[in-house]
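This report concerns only the one structure given below.
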Amino acid sequence: MGYTAELALVASGRDAQFVWSTQSSKLWQLEAALGWAIPVPVQQLLIRAQRRIRTQSEARRLAAGEPGRYSGPTT
Amino acid sequence: MGDAPATTYGRLLADEWGVSTWRHGDVRVDLVDVLATDDQADGLTAWRIHDGELVVFAGTNTPGLIETTTDTTEAMRDVLGIPAGLRRASIRLTNRQRHFVDRYADLLEQLAAFPARPYPPGTRIRVVLPDGREADGTVLAAAPRSGGGTTYRWRPDVADLPGHPWQHQPIWAMETTELHATDILGSRTSAHDESDLVLATGAVVRTIDDPRFAVGTVRRAMRSRHHPPTYEVQPHDAPIRPVVLPIDAVSPLRPTVWPTLDALLAARRQAGLDLLPRELLVTTAESAVVVDSPDGSRVYPTRRASPGPPDPTVGIQPIAVPAESPRLLTLRSRTASATTVQSVGTIRLVRDPTHGDLAVSEAEFHLAVALGPDRLAAMLARQPWVPLGNLPLETTAALAAIHVPERVLATSLRRRAELSSTSSSETMAEQPDPETCTHADGASPPPRPEAPPSPSWDSEPFPVTLRHLA
């Protein structure tokens, strides 16, 4: 799971046209790939959103009886 | 963003909690505090390395030191070593990163090295003042002290801010010892501490989100009855006349430190910048507001102002260092990147390592260049908040076209008239140039303060160290 940045051109009455995109697993890699700073409040929001998505998908997997990707130490 | 009201990219960046900034030419490194949140108990420090306006490398927490220390200099030293470290580790880089590493990795590592002792001229230091406060500055000279130790002659950063009595005396310095000075990398980012600070004439500001321009000089601060105060700002990087912005639409790059109302008013008179009703006048000692009256505008002192950054020069007799020392440092800093000039349509863009991007119309630029460096310097000297020094003609011309466009135009027209009349009558004696001789009101321009007499320095001549930085 990672982050995707997309650059789209939007014209009235037409669908957005995606002209560039990049994907990184870390936000700081995304910043370097974009060349633009991602403001810290936005980073925190994205990190929280990613955690929420991860937790929800983990919960769905557990509910379906599938093993999680990491189930903690097993002794 | 979430439940928060809509905001802009520039506002979000401006609201970041900057800790420290380091610059060399086009390279800028920022350390930013990531404050603790609900799901992140400990605060982190984010860092970014910029090449011009673009982010080249970024991260949260530098490996190693920053996790164990709150010393921003150590953290900065760590970040500056990252490009070279990545190259040594053969980490895969993007094209932009590889290009940056090729150009700067060795230089950044060299500039981040621990300075020699005694500190050579140019070393950035933080000095503990007698009252316990701290001030940052630059070593101009060092000398051994009798009985051991080193005495430094250093210039505090505040001395170079607009309005400071030392601003145009680059050889003025003060003394400290090795016991009170520590080398630093980077400058404190103070925009947050000064977000509610009202700036005065001469402050340089960066706009938060203005599509027209990014950097400008404050001409006036205005009070409003029902709204926040505003600034009248002369843009630097767009060829437009002054614009009015709310004070929260800009952040200070170089705040003003006018010592008194008298000093600020004298500078305003010298520049021919009229006082307007509702204007706010802010100095480090006092504030005032301009009110309209039947007798014209009047200045009413209102309250003591906030003291601003610590000023260790107050009450100190300056000590002169040899002129070569600051001159050499200026030259060295300017070699980080040279001034470039380019035409963009009808605009002439001068990119200066000291003054940043200066955009003026081609026509005004050519008029200014034709006046020559001496006339331009004389015009700009009437705006004592504009830092000058030994600048290229293109930079001086652009500064004149930005800050004194009416004088550039008037002098150009007068010169043309003189030249045409001279060509028609070769016997006419050359008239003195009023621009370089007198004020607009006919009075001679006030002399800038002279350097103080050279102090007696123990019993031996002062051995100025002028070694290059390691």
Side-chain angles (χ1 to χ4, degrees), chain A residues 1-63 67-73, chain B residues 1-5 7-19 28-40 43-63 79 82-83 86 91-101 192 208-209:
Chain A
M1 190 180 288
Y3 302 93
T4 302
E6 293 176 326
L7 179 65
L9 297 179
V10 183
S12 60
R14 304 180 71 172
D15 290 339
Q17 188 185 354
F18 290 91
V19 293
W20 181 86
S21 80
T22 187
Q23 200 167 22
S24 302
S25 59
K26 301 282 186 191
L27 277 173
W28 55 266
Q29 290 172 333
L30 198 63
E31 280 189 296
L34 281 168
W36 300 341
I38 301 174
V40 166
V42 176
Q43 292 194 27
Q44 291 177 321
L45 183 84
L46 292 171
I47 290 168
R48 277 199 294 272
Q50 194 195 46
R51 281 184 189 153
R52 201 163 47 238
I53 293 167
R54 188 182 288 162
T55 308
Q56 286 169 355
S57 64
E58 196 74 8
R60 271 198 298 274
R61 254 202 304 271
L62 287 172
R69 276 192 300 177
Y70 173 71
S71 53
Chain B
M1 207 179 66
D3 298 330
T7 186
T8 62
Y9 179 73
R11 177 66 58 191
L12 285 166
L13 276 183
D15 287 346
E16 284 189 337
W17 206 268
V19 177
R28 189 181 92 231
V29 179
D30 291 333
L31 299 182
V32 181
D33 252 357
V34 182
L35 302 177
T37 57
D38 294 344
D39 46 13
Q40 184 181 291
L44 300 170
T45 300
W47 55 270
R48 298 188 188 107
I49 301 177
H50 298 255
D51 183 8
E53 292 298 316
L54 290 177
V55 175
V56 192
F57 293 100
T60 50
N61 269 10
T62 57
V79 173
I82 284 175
L86 291 173
I91 302 283
R92 215 175 111 197
L93 303 172
T94 65
N95 286 341
R96 185 160 57 223
Q97 289 173 330
R98 204 164 35 244
H99 186 49
F100 181 88
V101 165
H192 259 280
I208 303 289
D209 244 340

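Numbered from 1 within each chain, the chains take letters A, B, ... in sequence-line order.
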Worksheet, complete the sentence: Taking every heavy atom of B:Phe100 against every heavy atom of B:His50, the minimum-distance pair comes out as CE1-O, 4.3 Å
Practice prompt. List the atom of B:Arg11, the atom of B:Asp209, and the distance in Å for their closest heavy-atom pair.
Written response: N-OD2, 3.6 Å
Worksheet entry | Proximity breakdown for A:Leu34 and chain B, heavy-atom pairs closer than 4.5 Å | backbone
Worksheet item: With no hydrogens and no angle check, is any side-chain donor or acceptor of B:Arg48 less than 3.5 Å from a backbone partner on B:Asp30?
Response: no
Practice prompt. Using non-hydrogen atoms and a 4.5 Å limit, figure out which bit of B:Val32 sits close to chain A: side chain, backbone, both or neither.
Written response: side chain
Discussion item. Using heavy-atom distances under 4.5 Å, tell me whether A:Gln43 contacts chain B through its side chain, its backbone, both, or neither.
Written reply: side chain
Worksheet item: Which bit of A:Ala33 comes within less than 4.5 Å of chain B, counting heavy atoms only: side chain, backbone, both or neither?
Response: backbone
Worksheet item: So, the side chain of B:Gln97 versus the backbone of B:Phe57: is there a donor-acceptor pair under 3.5 Å, distance only?
Response: no
Worksheet, complete the sentence: CD1 of B:Ile49 to CG of B:Leu54, rounded to nearest 0.5 Å, is 13.5 Å
Practice prompt. Please flag which part of A:Leu27 lies under 4.5 Å from any non-hydrogen atom of chain B: side chain, backbone, both or neither.
Written response: neither
